[in-house]
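Working notes for the structure below.
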Amino acid sequence: DFVKAPSRPGRGFPVLARGHGRRTGIRKGRWTLGTLKKITEIGVAVRDLEKVTEALVRCFGGEAGEVFEMPQFGMRFRMVRIADVDFELMEPTDENGMIARFICTHGEGLHHVAFAVDRAVDRMADLKEKGCRMINDTPLDLLGGKVGFLHPGSFGGIMFELIEYPGEYIPPGSGPLGPFLGKKGG
């Protein structure tokens, strides 16, 4: 078991340590980076999609994609690509939708972090086997890809999304902007 150790002198941040005088670090699980390709998306719940888009473009040189309506979730969203990551800016369109409820409870800000994965159904099964709570038990088919959400209660308040992109998907930093090559669909 790991315990919080004092900050390293001059570093200003805590480290994790196992016992006193032992090596610091976190044990590596049996998952490898081959199953988690990379972080491709950071979801952000916002009240004003245009205002936040403008700030990301102006301040960080982000590239804004088109707006997509998702009435089944009571939201609309746009990807803003900065370097090798897409920021999914999500604005509520329905006061009872998931983003409106999130903002009401938590305020604007980080909603989720998404990893690209091979075979979302297998990754979800692996995580369930390890005791992680899932929001959806089977992958959802969205915009040509398959997605699964991990409950934030398993990860200190951070919700993770696993995305199995369609075969023709080009990751952030190497091709067209937008969800799954900018294709519209549902």
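On a predicted model such as this, the values are computed, not experimentally measured, just so you know.
Two residues are said to be in side-chain contact when any heavy atoms from C-beta on lie closer than 4.5 Å; Glu164 and Pro139 fail this criterion. Counting only heavy atoms from C-beta outward, the side chains of Arg47 and Val52 never approach each other to under 4.5 Å. Looking at Ile99 and Glu91, their side chains never come closer than 4.5 Å, going by heavy atoms from C-beta outward. By the 4.5 Å heavy-atom criterion applied to side chains, Leu127 and Leu150 are counted as neighbours.
Here the side chain of Arg78 pairs no donor or acceptor atom with the backbone of Leu89 at under 3.5 angstrom. For Ser154 (side chain) and Arg133 (main-chain N/O), a donor-acceptor pair under 3.5 Å exists by modelled atom type. Remark: side-chain polar atoms of Asp94 are not paired, donor with acceptor, to backbone N or O of Ala100 under 3.5 angstrom. Side-chain N or O atoms of Asp86 include none that pairs as donor or acceptor with a backbone N or O of Met79 at under 3.5 Å.
Across all non-hydrogen atoms, the minimal contact from Thr53 to Leu49 is OG1-O, 2.7 Å. Here the shortest heavy-atom pairing between Ile82 and Gly62 reads CG1-CA, 3.8 Å. When all heavy atoms of Phe102 and Gly109 are compared, the closest pair comes out as CE2-O, 4.2 Å.
In summary, Asp122 and Arg119 engage in a salt bridge, as defined by a charged side-chain N under 4.0 Å from a carboxylate O. Looking at Arg81 and Glu63, no side-chain N of the basic residue comes within less than 4.0 Å of a carboxylate O on the acidic one, giving no salt bridge.
Val67 and Val46 fall within a single hydrophobic cluster, where Ile, Leu, Val, Met, Phe, Trp and Tyr side chains are chained together by heavy-atom contacts under 4.5 Å. Val121 and Leu140 fall into different hydrophobic clusters, where Ile, Leu, Val, Met, Phe, Trp and Tyr residues are linked whenever their side-chain heavy atoms come under 4.5 Å apart, directly or through other members.
Side-chain rings of Phe160 and Phe115 approach one another, their centers coming within less than 6.0 Å.
Glu41 and His112 share a donor-acceptor pair across their side chains, judged by distance under 3.5 Å alone.
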Could you go through the side-chain contact (heavy atoms from CB on, under 4.5 Å) check for Asp141 and Lys146 one step at a time?
-> CA-CA 5 Å; Asp141 291 320; Lys146 296 188 182 305; 2.7 Å; yes
